[in-house]
Amino acid sequence: MVLFLDYYLVTDTWYKKGFLMILFVALLTSVEWLNHYLGVLIHVNWQFWWSPSVWFGALILLIGFMKGYRILLFKGGPYK
């Protein structure tokens with residue numbers, strides 16, 4: 001997920017960021033499916049569409065936290 005944020009900050013256009021989001025959602029979903037298939041992480045009553053929606057939401061939330069943290073980081077505090 002940190003690699004996603006690094007690539008997200010480097011890209012400059014909205015369609016590249018959208019492609020990056022789709023790429024990482026597909027990558028994270030395939031890793032989760034592989035874990036389920038190999039028996040590492042067993043999902044009970046697991047629907048396939050849940051994984052992409054959860055990963056998409058997690059990446060959107062991660063971008064929001066990153067933007068908030070960067071605002072606080074660049075703003076500074078009383079002990080500059």
Excluding sequence neighbours, so at least two apart, what forms side-chain contact (heavy atoms from CB on, under 4.5 Å) with Trp14?
none

Phe56: side-chain contact (heavy atoms from CB on, under 4.5 Å) partners, not counting sequence neighbours:
Met21, Val25, Ile60

How far does CG of Leu27 sit from CG of Leu3, to the nearest 0.5 angstrom?
9.0 Å

Donor-acceptor contacts, no H, no angles, side chain residues 47-55, under 3.5 Å, sequence neighbours left out:
| residue | atom | partner | partner atom | Å |
| --- | --- | --- | --- | --- |
| Ser51 | OG | Glu32 | OE1 | 3.1 |
| Ser51 | OG | Glu32 | OE2 | 3.4 |
| Ser51 | OG | Trp46 | NE1 | 3.2 |
| Ser53 | OG | Trp49 | O | 3.2 |
| Ser53 | OG | Trp50 | O | 2.9 |
| Trp55 | NE1 | Glu32 | OE1 | 2.8 |

To the nearest 0.5 angstrom, please state how far the CZ atom of Phe4 sits from the NZ atom of Lys17.
9.5 Å

Sequence-distant partners of Leu5, side-chain contact (heavy atoms from CB on, under 4.5 Å), two or more places apart:
Leu62, Ile63, Met66

Checking Leu38 now: which residues fulfil side-chain contact (heavy atoms from CB on, under 4.5 Å) with it, not counting sequence neighbours?
Leu34, Val40

Would you please classify the geometry between the Tyr37 ring and the Trp33 ring as parallel, tilted or perpendicular, with 30° and 60° separating the classes?
parallel

Who clusters with Tyr69? Use side-chain heavy atoms, under 4.5 angstrom, across I, L, V, M, F, W and Y, and order the result by chain and number.
Leu73

With hydrophobic residues grouped by side-chain heavy-atom distances under 4.5 Å, do Leu41 and Val31 end up in a single group?
no

Spacing of CG belonging to Leu20 relative to CG belonging to Leu59, to within rounding of 0.5 Å:
8.5 Å

In Å and rounded to the nearest 0.5 Å, what is the CZ to OH distance from Phe19 to Tyr7?
12.5 Å

